Number of protein chains: 2
Amino acid sequence: MPRAGLSHNAVVRLACEVVDAGGPRGFTDLTLAKVAAEAGVAPPSLYKHVGSLAALRREVAVIAVRELTAAGTAATVGRAGADALRALAHAWRRYAVEHPGRYAATQIGADPDDPADARLNEAGAESVQVVAAVLQGFGLPEERLIDAIRAARSSVHGFVTLELGGGFRMRHDVDQSFDTLVTMLVAGIEALARNDHESSPPRSPR
Amino acid sequence: MPRAGLSHNAVVRLACEVVDAGGPRGFTDLTLAKVAAEAGVAPPSLYKHVGSLAALRREVAVIAVRELTAAGTAATVGRAGADALRALAHAWRRYAVEHPGRYAATQIGADPDDPADARLNEAGAESVQVVAAVLQGFGLPEERLIDAIRAARSSVHGFVTLELGGGFRMRHDVDQSFDTLVTMLVAGIEALARNDHESSPPRSPR
DNA sequence: CATCCTGGCTAATGCGCGTAGCTTTACAGC
DNA sequence: GCTGTAAAGCTACGCGCATTAGCCAGGATG
């Protein structure tokens with residue numbers, strides 16, 4: 001009986017491959033049976049390396065979120081302001097398009113209070129931190145920063161989700177649509193920074 | 001042996017209730033067993049009224065998409081331009097927040113070529129048509145209209161998806177963030193209508 | 001009254017997760 | 001080199017769910 005020589009990390013790596021191979025549905029369709037088949041091992045054997053399917057999913061999610069964060073930071077080093085935001089948005093989408101399954105993994109909802117989700121929560125916070133850092137450069141008032149972060153995440157995430165889900169049916173260049181979205185986003189955040197500097201204390205909405 | 005008096009529509013209605021009862025995960029967690037329990041019937045009996053779980057899901061999705069469309073049209077009657085877009089966005093989000101499970105159902109990807117998805121495809125097209133109709137009022141150039149539609153859908157869909165998925169952790173008013181997003185969206189589309197006769201937006205680097 | 005369709009049922013299959021408990025491998029220590 | 005032990009595999013099993021097959025009641029229709 002030859003040993004497969006598995007390990008915790010090896011199993012997680014295989015799971016990532018299975019997820020990648022499954023396209024946008026890859027994460028939802030992730031199954032211990034598939035990972036076991038990939039590893040050339042019987043399904044129960046995986047429990048020697050991983051607590052459960054849910055735990056494995058979490059691991060994959062953590063990896064995916066970290067990769068997404070890394071892609072974002074890599075794309076924004078040495079850039080600032082609109083330039084950085086544009087690069088971040090494109091890097092984000094690029095990752096999602098190249099790894100649809102893993103991107104889907106990042107959509108998993110983590111319970112802020114569940115210790116099992118601690119690493120995932122932390123990874124998520126770091127990911128948002130990248131967006132926050134880029135938006136810092138726009139000189140937004142403190143309380144608008146969060147609105148801006150949410151707007152940026154929403155726009156890009158929504159676009160990518162719809163794109164991957166086949167939501168864009170029209171015969172029209174998707175890249176161009178994304179460019180337009182990013183342009184709108186940048187303009188919107190710049191406007192937010194302008195409009196809100198002046199009427200900051202009294203809060204008079206023009 | 002008393003009869004339950006089921007019918008195709010009755011089963012679908014029950015499925016909708018199950019989905020509603022399950023919160024944001026309601027659609028994913030939809031199961032024939034639950035519907036059968038709700039109907040007071042053994043699971044296999046459902047097959048007399050419904051082809052499969054997948055088919056039932058599709059039915060629920062069609063209903064959800066149509067309801068979303070109806071909410072959008074109802075909110076925009078008698079309005080135009082920015083006013084209409086704002087109302088549409090808020091109606092969209094309201095539906096999602098009030099029916100998280102059904103909204104999740106609308107995210108299902110329909111195969112444009114699969115005849116089984118025909119009604120779902122049609123419903124989706126009608127839904128997009130509402131957005132298109134509202135954006136017509138902005139006087140955008142023809143080829144920018146699709147970009148604008150995609151941007152609007154992306155922003156709002158992304159926001160509610162993150163909101164429902166617990167993606168907004170900061171202690172900051174979510175309603176206000178959404179207002180800000182909508183304001184940015186409206187401004188962005190107005191800007192698109194104004195300065196977009198001159199040139200296309202710059203292509204993204206890389 | 002006989003018939004037949006309809007809508008329920010039970011039984012059984014297949015698949016996936018997860019548990020229990022056995023076996024063998026690889027390595028540490030002697 | 002020998003042996004003991006923990007780790008890493010296995011098979012067998014139980015559970016829940018979808019789905020198929022085939023049985024049965026019961027009410028409408030002739």
Side-chain angles (χ1 to χ4, degrees), chain A residues 1-23 25-61 101 104-105 108-109 111 114 116-117 120, chain B residues 1-23 25-61 101 104-105 108-109 111 114 116-117 120:
Chain A
M1 259 113 277
R3 293 216 168 178
L6 288 183
S7 71
H8 179 82
N9 285 334
V11 171
V12 174
R13 232 188 318 271
L14 285 172
C16 285
E17 285 175 21
V18 169
V19 166
D20 273 344
R25 314 252 334 137
F27 186 69
T28 321
D29 294 351
L30 175 63
T31 188
L32 286 183
K34 286 180 188 167
V35 176
E38 197 73 18
V41 132
S45 305
L46 296 180
Y47 286 87
K48 288 287 156 74
H49 306 284
V50 106
S52 67
L53 173 60
L56 182 57
R57 290 196 124 94
R58 262 193 300 264
E59 299 270 12
V60 173
I108 199 177
D111 183 349
D114 188 347
D117 283 347
L120 183 52
Chain B
M1 256 120 266
R3 293 214 168 182
L6 287 182
S7 70
H8 179 82
N9 285 334
V11 171
V12 175
R13 230 186 320 269
L14 285 173
C16 285
E17 286 175 20
V18 169
V19 167
D20 273 344
R25 314 252 333 138
F27 186 68
T28 320
D29 294 350
L30 176 62
T31 185
L32 285 184
K34 285 180 189 168
V35 176
E38 197 74 18
V41 133
S45 304
L46 295 179
Y47 286 85
K48 288 288 156 77
H49 306 286
V50 105
S52 67
L53 174 61
L56 182 57
R57 289 197 126 94
R58 263 193 300 263
E59 299 270 11
V60 172
I108 200 178
D111 183 350
D114 188 346
D117 282 348
L120 183 52

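Values below: every heavy atom of this structure, side chains too, minus hydrogens, waters and symmetry copies. Model, not experiment: these values are computed from the prediction. Letters go in sequence order (proteins before strands), and every chain restarts at 1.
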Partners passing salt bridge (Lys or Arg N to Asp or Glu O under 4.0 Å) against [X] (at least two apart in sequence or in another chain):
| X | value |
| --- | --- |
| B/R57 | none |
| A/D111 | none |
| B/D114 | none |

Legend entry - Side chain of B/S52 - closest among C/dG18, D/dC10, D/dT19: D/dT19
Atom pairs and distances, donor-acceptor, side-chain atoms in residues 12-22 of chain A, under 3.5 Å, two or more places apart:
residue : atom : partner : partner atom : Å
A/D20   : OD1  : A/R102  : NE           : 3.3
A/D20   : OD2  : A/R102  : NE           : 3.1
A/D20   : OD2  : A/R102  : NH2          : 2.8

Using whole Å, report how far [atom1] of [X] lies from [atom2] of [N].
| X | N | atom1 | atom2 | answer |
| --- | --- | --- | --- | --- |
| B/L32 | C/dC9 | CG | P | 14 Å |
| A/Y47 | C/dC22 | OH | P | 20 Å |
| A/K34 | C/dG16 | NZ | P | 8 Å |
| B/L46 | D/dT20 | CG | P | 13 Å |
| B/L53 | C/dC15 | CG | C1' | 15 Å |

Inset, instruction - Let me know, please, whether B/P43 or A/G5 comes out on the 5' side of the other along DNA chain D by nearest nucleotide. - result: A/G5
Inset, instruction - Can you measure from CG (B/L32) to CG (B/L53) and round to the nearest 0.5 angstrom? - result: 4.5 Å
Inset, instruction - Output every pair passing side chain to side chain donor-acceptor pair (under 3.5 Å) with a member in residues 36-49 of chain A, not counting sequence neighbours, ordered by first then second residue. - result: none
Tell me whether the side-chain N/O atoms of [X] come closer than 4.0 Å to OP1 or OP2 in [N].
| X | N | value |
| --- | --- | --- |
| A/S45 | D/dA8 | no |
| A/H49 | D/dA7 | no |
| B/T31 | D/dA18 | yes |

Legend entry - side-chain contact (heavy atoms from CB on, under 4.5 Å) partners of B/A33, counting only residues at least two apart: B/T31
Inset, instruction - For B/S52, enumerate each residue passing the side-chain contact (heavy atoms from CB on, under 4.5 Å) test, keeping only those at least two apart in sequence or located in another chain. - result: B/A54, B/A55
Inset, instruction - Decide side-chain contact (heavy atoms from CB on, under 4.5 Å) for A/V35 and A/L30; before the verdict, give the C-alpha distance in whole Å, the side-chain angles of both, and the deciding distance to 0.1 Å. - result: CA-CA 8 Å; A/V35 176; A/L30 175 63; 3.8 Å; yes
Inset, instruction - Give me the residues of residues 9-21 of chain B where at least one heavy atom lies under 4.0 Å from an atom of DNA chain C, by number, or none. - result: none
Could you list all N or O pairs between the protein and nucleotides 21-23 of chain D that sit under 3.5 Å apart?
none

